[in-house]
2 protein chains.
Amino acid sequence: MMPKYVFRTITATEMRSVNRSAVLDYIRRNSPAARSMMAHDLKLSLPTVMRIVDELIEKGWVRPTGVKEWSGSRRRDLLEYHKDGHAVIGVDLGGTKMFGALANIGGEIISELTVNGHGTSGEASYAMLVEIVEKLCAAPRARGQKIRGIAVGAPGVTRAPAGIVEWAPSLNWREYPLKEKLERQFRLPCVVDNDVNLAALGEQWFGAGDGASNIVLITLGTGVGAGLIIDGVLYRGHTESAGEVGLLLSNRAELDQQYDKFGALESIISGTGIAERARTCLAGSLPEDRLAQITAQDVFDAYRRGEAWSRAVVDETVDYLSIAIINISTLLDPELVILGGGVSESADVLLPRVQARIQNILPKTPTLKVSTLGRRATVMGAIAQVVHLTSDYYVARKLA
Amino acid sequence: MMPKYVFRTITATEMRSVNRSAVLDYIRRNSPAARSMMAHDLKLSLPTVMRIVDELIEKGWVRPTGVKEWSGSRRRDLLEYHKDGHAVIGVDLGGTKMFGALANIGGEIISELTVNGHGTSGEASYAMLVEIVEKLCAAPRARGQKIRGIAVGAPGVTRAPAGIVEWAPSLNWREYPLKEKLERQFRLPCVVDNDVNLAALGEQWFGAGDGASNIVLITLGTGVGAGLIIDGVLYRGHTESAGEVGLLLSNRAELDQQYDKFGALESIISGTGIAERARTCLAGSLPEDRLAQITAQDVFDAYRRGEAWSRAVVDETVDYLSIAIINISTLLDPELVILGGGVSESADVLLPRVQARIQNILPKTPTLKVSTLGRRATVMGAIAQVVHLTSDYYVARKLA
DNA sequence: TACTATTACTTACACGATGTAATTATACGG
DNA sequence: CCGTATAATTACATCGTGTAAGTAATAGTA
């Protein structure tokens, strides 16, 4: 019988990794930071902070600012996150578009590349991904940073530790060993993860996350998905499909239906679903070809202009999005709910109304924000994951 | 400005705690266990395992079995979780009943005590809790174990680290510093937590949890609640109100209602809600006083006897419970969903039908089980928390 | 300009933890 | 009874943190 055990052990070197991770995280979030301040806040002795900082400087994660800070007498030497210490490649592998970026570890994009409507699948998609990465590798890097790793967000179920894409319908990939292939091709550390998971990490590190430990990112685009940051750490679920909120049910009748490609909630509040409902409303009053071109964006524009037909569509979207957020918040009690994806560009219409509905029901309302990274969220999360991977990120917690 | 940082640091002693926790957890789940086996599985050197085991034996958490195991040549000395090494007091503080138990750390009850319909609130409730604890302290302990701590599960929102009951309507406690009061009174380490959270931990340690790292416990009783174990660790949420699933919404109309005491889902699938609906069905066909006595149990009994009226009530319960489980699983992707609370005694009726509904919708179905601890779940979780607290439980994780 | 007080940093060393390797103990099987 | 294999023990190297004492920097002050 296989033994059952859940918790891992650590060595002295890993203890250092835990502490190094905490210091790096502190500096990233609080640049510029002083050693003595960190020693105080992080409850480490000054010599330990010194040693860790020396290591971080040596490895290019952190650097002295040159500036010194007055705090009573001898000035503190200030340190900052060394954004340009390393370069990283992140790719958001969409079903219809691919978006790749070469960026520094501060999340500043050096060079980016979009392929719209690539229309590929299977091996052709892989070839296109390789081409994008190659171009980004070749892009000029003013400060001469080395590329430290590649992370890819895939639209579908992934098994992140193994780096396998289990099932990505739009690319027609099944059990696709993407990480292994990329590592062999580029000889760099690679991470493969779900696109929405990475987007959530991106917002935590560089976007609307703002130091919160419990974050839900809801993306409303072609489909609907959620990324969960729980107690500071990305949560993937038992079979790595946590956050597949497209399948959420909002009424009893939905129990009797079948959902092959699109889930119940997805068919209502995704961009696709919104456009679909608009077509039903406008059927007959517009020519067929115009009807086919309607997007969610058009619906919100019409709503802003006060066109009557859009009213019901937007109302329904507001209601079902509210139900989803209420149910997610009820279950998870996050500090922050971030709205992302294409539809979030219409947040001016949605957000105030959703907020009102939520406050009406929930005793404790999470903060509701719009993604600040937009379509770059996944790529930013990719950068975060490369930092996790290459800086040996460990975290420790005490229970009870 | 307050610095932002999320992750803690550890010292050499805390590294030992991480490893000690892993070893203790291994032995608890795999008694009897051999040192050399643990060294292999946990990736620790044998000397380290030896030292940790010596410490655990000395402190009474573990003991040699005396039995030896053959594995090719020299026999292994087997160790087991020392159930009787310590005694612990756990109390489930219900709104109508209080249930306290003196148990060993293996979750075996030495002495238990129920007070039904105590009808107290405020300071009187505290006095009754103290009386229960005192009686349990005085109960004979054959093996002479010392009581190591007290944990209390409260029916309401708690702030567990501080041990404050924020709001428990049935006891009329607000911002009640329970932990502080108990520690002063009994001079023992005390833990205060939400009753459902503790029940989830109880099932993880001693019940249906079975080594799973991602568990959702749904309790259906007077109200409805959920306890979440995420990546092996109890998750409480940003304001410690994760899992308050009584408020889950199942249709659009519910958005416009007000929920003061009972949430939307709660008013349908809780024991109270089931009985209430049965009363509506039977109004007129039964005398008023008989009607008032109907319980959820009666409804399920009638269903088993094939009485027509009960059909609709049970169907509705099945459907809304299914929706709740589907939505929770969609979001969290747990390995295991456990049904607990009074209504779970009718799981023979509910479970097969719920299972069928779930499988129809979800691509990946979590295992569905009935609580094996029943009304003792909270108390068992209380025991687990005392072990966490008094054995200095730490866990470490690597990201990416 | 020198002295003082104060805070930042450095160094030396103690301590606590893990790991490796050599040694001893135990038990089966021929 | 001995050989072999595995378990447990011991001694010691290594790696990490912490404490304490010493050095450096700097504003204020005499």
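First the proteins, then the strands, lettered A, B, ... as listed; each starts at 1.
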**Q** Using the closest heavy atom to pick a nucleotide of DNA chain D for each, name whichever of A:Pro47 or A:Ala12 lands nearer the 5' end.
**A** A:Ala12
**Q** Check this for me: does the side-chain of A:Arg51 come within 3.5 Å of the base of D:dG18 through a donor and an acceptor?
**A** yes
**Q** What pair of heavy atoms forms the shortest contact from A:Ala400 to B:His388, and how long is it?
**A**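 The answer is CB-CB, 3.4 Å.
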**Q** Tell me the interatomic distance from A:Ile52, atom CD1, to D:dT17, atom C1', rounded to whole angstroms.
**A**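 One finds 9 Å between C1' of D:dT17 and CD1 of A:Ile52, rounded.
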**Q** If I take atom CE in residue A:Met38 and atom P in nucleotide C:dC9, what distance separates them, rounded to the nearest angstrom?
**A** 9 Å
**Q** Does A:Asp392 pair with A:Arg16 as a salt bridge, N-O distance under 4.0 Å?
**A** no
**Q** On the nucleotide D:dG16, are OP1 or OP2 found under 4.0 Å from the side-chain N or O atoms that A:Asn19 carries?
**A** no
**Q** Starting at CG of A:Leu44 and ending at C1' of C:dC9, how long is that distance when rounded to a whole Å?
**A** 16 Å
**Q** Which part of the nucleic acid does B:Ser45 contact within heavy-atom distance under 4.0 Å: base, sugar-phosphate only, or nothing?
**A**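 The residue B:Ser45 makes base contact.
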**Q** Taking A:Glu55 first and then A:Arg51, would you say they form a salt bridge - that is, a charged N and a carboxylate O separated by under 4.0 Å?
**A** no
**Q** With a 4.0 Å cut-off on N to O distance, would you call A:Glu240 and A:Arg159 a salt bridge?
**A**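 Salt bridge: no.
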**Q** Can you confirm whether the side chains of B:Ser391 and B:Arg20 place a donor and an acceptor under 3.5 Å from each other?
**A**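 Looking only at side-chain atoms, B:Arg20 and B:Ser391 do not form any donor-acceptor pair under 3.5 Å.
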**Q** Verify the contact: side-chain N or O of A:Arg16 to OP1 or OP2 of D:dT17, cut-off strictly under 4.0 Å; return yes or no.
**A** yes
**Q** Quick one: which protein N/O atoms are closer than 3.5 Å to N/O atoms of nucleotides 5-7 of chain D? Pair and distance per line, please.
**A**
{"unit_1": "D:dA5", "atom_1": "N3", "unit_2": "B:Ser73", "atom_2": "OG", "d": "2.5"}
{"unit_1": "D:dT6", "atom_1": "O4'", "unit_2": "B:Ser73", "atom_2": "OG", "d": "3.0"}
{"unit_1": "D:dT6", "atom_1": "O3'", "unit_2": "B:Ser71", "atom_2": "OG", "d": "3.4"}
{"unit_1": "D:dT6", "atom_1": "O2", "unit_2": "B:Ser73", "atom_2": "OG", "d": "3.4"}
{"unit_1": "D:dA7", "atom_1": "OP1", "unit_2": "B:Ser36", "atom_2": "OG", "d": "3.2"}
{"unit_1": "D:dA7", "atom_1": "OP1", "unit_2": "B:Ser71", "atom_2": "OG", "d": "3.3"}
{"unit_1": "D:dA7", "atom_1": "OP1", "unit_2": "B:Arg76", "atom_2": "NE", "d": "2.6"}
{"unit_1": "D:dA7", "atom_1": "OP1", "unit_2": "B:Arg76", "atom_2": "NH2", "d": "3.1"}
{"unit_1": "D:dA7", "atom_1": "N3", "unit_2": "B:Arg74", "atom_2": "NH1", "d": "2.9"}

**Q** Identify the heavy atoms of A:Asp333 and B:Tyr235 that sit nearest to each other, and give their distance.
**A** O-OH, 3.8 Å
**Q** Return the value, rounded to whole Å, for the distance between atom CE of A:Met15 and atom C1' of D:dG18.
**A** 11 Å
**Q** Check the distance between D:dC15's P and B:Ile10's CD1 and give it to me in whole angstrom.
**A** 18 Å
**Q** Are A:Thr48 and D:dG18 close enough that a side-chain N or O sits under 4.0 Å from OP1 or OP2?
**A** yes
**Q** Rounded to the Å, how far apart are A:Lys43 NZ and D:dG16 C1'?
**A** 20 Å
**Q** Say whether A:Asn214 and A:Glu335, considering side chains only, have a donor N or O and an acceptor N or O under 3.5 Å apart.
**A**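 Short answer, no.
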**Q** Measure CE/A:Met50 against P/D:dT17 and give the value in whole Å, please.
**A**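 Going from CE in A:Met50 over to P in D:dT17 covers 14 Å.
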**Q** What is the separation between atom NE2 on A:His40 and atom P on C:dC9, rounded to the nearest whole Å?
**A**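 The answer, rounded to whole Å, is 15 Å.
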**Q** Assign each of A:Thr11 and A:Arg35 to its nearest nucleotide of DNA chain C by heavy atoms, then name whichever residue's nucleotide is nearer the 5' end.
**A** A:Arg35
**Q** Nearest to the A:Thr13 side chain among C:dT18, D:dG16, D:dT10, which nucleotide is it?
**A**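 Ranking C:dT18, D:dG16, D:dT10 by closest atom to the A:Thr13 side chain puts D:dG16 first.
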